[in-house]
Structures are given as structure tokens and as C-alpha cells.
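Chain identifiers are assigned alphabetically (A, B, ...) following the order of the sequence lines, protein sequences preceding nucleic acid strands; residue numbering begins at 1 within each chain. Here the structure is a predicted model, which means the values were calculated and not measured.
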Number of protein chains: 4
Amino acid sequence: MVTDPQTACFEAGIKFGTLYHQFAGTPVSPDSARSLERAMAEAIENQPYCESVSVRILDDALEAELAESTADYTELTGRFMEVEMEIDYEGVRVRTEMEMEDGYPLMKLVSVE
Amino acid sequence: MVTDPQTACFEAGIKFGTLYHQFAGTPVSPDSARSLERAMAEAIENQPYCESVSVRILDDALEAELAESTADYTELTGRFMEVEMEIDYEGVRVRTEMEMEDGYPLMKLVSVE
Amino acid sequence: MVTDPQTACFEAGIKFGTLYHQFAGTPVSPDSARSLERAMAEAIENQPYCESVSVRILDDALEAELAESTADYTELTGRFMEVEMEIDYEGVRVRTEMEMEDGYPLMKLVSVE
Amino acid sequence: MVTDPQTACFEAGIKFGTLYHQFAGTPVSPDSARSLERAMAEAIENQPYCESVSVRILDDALEAELAESTADYTELTGRFMEVEMEIDYEGVRVRTEMEMEDGYPLMKLVSVE
């Protein structure tokens, strides 16, 4: 048997895997970060049960990376972004977020209500 | 509060979103289907808590698609594959699968134990 | 030996392959099409020698697809977009475009000057 | 006007952009590197005019990365692979390769004949 809260959490995970692996590798710079944040959020909000997505690309982290390089853009990866999402499946609300922890982008469940 | 079964389901969802959106769009033909199946499975098995992944690319569906076209390959998408996965998080075993339903690739939880 | 016009064409091809395979598979609907167009163009414009990118997601084609389905979004693929790009490599200007031809998204060189 | 050698170079570029942005971000470890190499090569060989593709995932570079981390896999990116390709368009043979240069994965034309 599978419960609604379990399915809600499964759906939340799908959205995170989608967001990360659809967009990781995208060429990004401080100048293009705003349009990418918005497109990522709106793309994932299309998916079922997805109430809201917030993507913040970290300009400071991007600029620190670019300061050490000869290029003026890099590839999007977990250390350049923070993500929050809310999923609503059959009245179960799941809040999730992704942030760096010990050098890794950690996707986690914040609450299931 | 978040329970272990909920986290196990969240982890299962992450793997499905990753698998689908990392590999959707890959050029594929019956000749290259076997190597792609294997690479997809082994790639996702790297992820935490992922016990096993089985990917089957559907040669019949590929061949039907190619029979209607002038090309000899197409882009991987949900209707050309079936996927099964087992996740083990803190002793909770989650079985999931993806197959076509009403023309859509449906990712679903089979059991949480 | 490799000439500057040849390298300019190689660079143009890289941008097209990048654009297509980075973003193919993205969940898209008429509501999210504008932000995705802009993010795709700005992402690729980050790449070296890329003067300008124009992406047009075809609302008519999206709506026709969605009219036949029970979902309210689909996955981005070649038949839902038209792309134009200009590359400038060492003074050689390359114009390229992608549009559907015989049911396939065809990427082609328009001019090399 | 566009010449056959220019089109051959454009086609070569498309393949490189495809290979890189389709597979960048894939979870990879020394254990899964062989299947990924093969799938990448066979996927791109499906594309028109593509004679051969060779992908080498650099176990040494992977292992050096993993030695500094708590994870046992990482995401595929340019510094973990070397690629060679041959394109044949209307009798024009283009050889290309990608390797690291100054910390960046550089895709380049080796010869056009």
C-alpha cells in the first residue's frame, strides 16, 4: 500500500530530479541568471501537483567562480543555486529545498503536512 | 516532521526525475538501445540509496516510429522505455516503475515496505 | 589546415547542438514559453563567438499538441521551436537557423560571409 | 553561399554540442564509466554524417575528484573526458577532438580534408 503523503513526497522528488538534470550544464553568467531562474521555475511549475517553485542563482558564487577563470560564463551546477518547492498532492502539502551542504547540493524534505 | 518512508519516496522520485530528464532527447536507434539502457541504469545506480535500476528500451516502439520516418534514429522519450527501480532508505524499500498510460509516461510508486 | 570560415561554422554547430540538447525535454506550455525562449537565447549567447540568438516557441504547435492530450504541458522538442543564430569568428559572420522540414528539425547554415 | 567543407564543419559542431550537453551532469563513477563511454559514442554515431565517435572517461581525473569528497560518484563534465569524432559530409572528412586546455574543455577542429 502507498499513502497519499508518500506519493506527495515521490512527486516532490520527481520535480527536483527534473529541475536539476534538465538544467545542469546550462551556460550561465550573472547577466543571464535572471532569465534562467525564471524559466526553470515556470518550467517545473507546469508539472502535476507543483504549486510553486523558487530558484535563486547565486550571483556571488558565480562571480567567485568567474574571478578565477578566463571565461565570462560557466555551467550551471548545484553550488550556484538554491531552490524551494511546494507540492500539493490530494491535500498533502510538501515543502522541499535544495542547498549546499558539505560541498554537495542536498535536496531535502522540509515538511509534509 | 518527515518520516523515513516519506524520505524514501522522495529519494525514489529524485532518481526518476534524474533518469528521465538526463537522458530524454538522446539520439537512439535499435542498434544503440542496449548500450543506452545499460548506461542509464548504471548512472542512476550511482545515486544514494539506489539499490537497482532496470531500463528497457522498447525496440518495437522504436521500430514503429522509424518505419514512419525517413530517419534511422529518433530522440529518446517516455514512450520508448520502461523503467523499474528499487530504493532502500534506512531499511524502507520502495519499488517504483514507469510505463505508458493514456499516452503519457507515468512514474509511480509500486510499494513502500 | 583549418580556415577561419570552417572554424566559424564549427562554432555555429556547437551552439545549435548545445541549445537543442540542453533544453529538449523541458516541460513547456504556452504560459511558460516566453520565459523559456528568453532563457535559451541568453544562455547560448554566453558562449564564445555567439553574437545573437533568437528562439521562438510556436504557441500554435504547442496548442495543437495539447488539444489532443489530457495534459496541459508537453516536452520541448524541435517541432515546437524556430531558432536563428549569428556567430562571429575572427570577422567571419555565420547565420544559421533551425526549422522543421519533412517532420524533422533541420539545423542549417544560411550564410557564411 | 555555403561550401561542403563549411557544412561538414557545422555538422561536426552540432555533434559536439549534442554530446556535451546531452550527457553533462550524468552521475558517473569509475564503475559506471565504461557503459557511459559506450552509450555516448553509440548515441552520437546515430546522427547524420557521423562516421565514428570515441569517448574516453578519465578514471584518474574521476578518482582524484572523488578522493577529495565524501561521495562515491560525481557529475560528468568536460574535465573528466576526452572525445574524438570523425564526420563525413559529401566526401569531406572532418576530424575533431575535445580536451582540456587551461582548465576548459576545448572542442576543436583537427583537420578538414
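Within the 4.5 angstrom heavy-atom criterion, atoms from both the backbone and the side chain of Thr7(B) approach chain A. For Thr3(B), no part sits under 4.5 Å from any heavy atom of chain A, backbone or side chain. Within the 4.5 angstrom heavy-atom criterion, no atom of Val94(B) approaches chain A. Contact of Phe16(B) with chain A is made through the side chain alone, with heavy-atom distances under 4.5 Å. Gln47(B) touches chain A through its side chain: at least one heavy atom from C-beta onward sits under 4.5 Å away, while N, CA, C and O do not.
The greatest number of non-hydrogen atom pairs below 4.5 Å with chain B, out of Val110(A), Leu19(A), Val112(A), is found for Val112(A). Counting heavy-atom pairs closer than 4.5 Å to chain B, the top-ranked of the candidates Gly17(A), Gly25(A), Ala8(A) is Gly17(A). Note on Met107(A), Lys15(A), Glu113(A), Glu11(A): by heavy-atom pairs under 4.5 Å with chain B, the leading option is Met107(A). Interface remark: of the candidates Gln6(A), Met1(A), Lys108(A), Gln22(A), Gln6(A) forms the most heavy-atom pairs closer than 4.5 Å to chain B.
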### Task
Please lay out, stage by stage, how Phe80(B) and Thr74(B) fare under the test side chain to side chain contact (heavy atoms under 4.5 Å, CB included).
CA-CA 10 Å; Phe80(B) 300 128; Thr74(B) 188; 3.8 Å; yes
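A donor-acceptor pair is defined here as one N or O able to donate and one able to accept, closer than 3.5 Å; no such pair exists between the side chain of Glu86(A) and the backbone of Arg95(A). For the pair Tyr89(A) (side chain) and Pro5(A) (backbone), a donor-acceptor distance under 3.5 Å is absent.
Classification of Arg79(A) and Glu65(A) as a salt-bridged pair holds, one side-chain N sitting under 4.0 Å from a carboxylate O.
Residue Ile44(B) holds its CD1 atom at 11.5 Å from CD1 of Ile14(B), rounded to the nearest 0.5 Å. Rounding to the nearest 0.5 Å gives a distance of 12.0 Å between CD1 of Ile87(A) and CZ of Phe10(A).
Taking each heavy atom of Thr96(A) and Ala12(A) in turn, the nearest pair found is CG2-CB, 3.8 Å.
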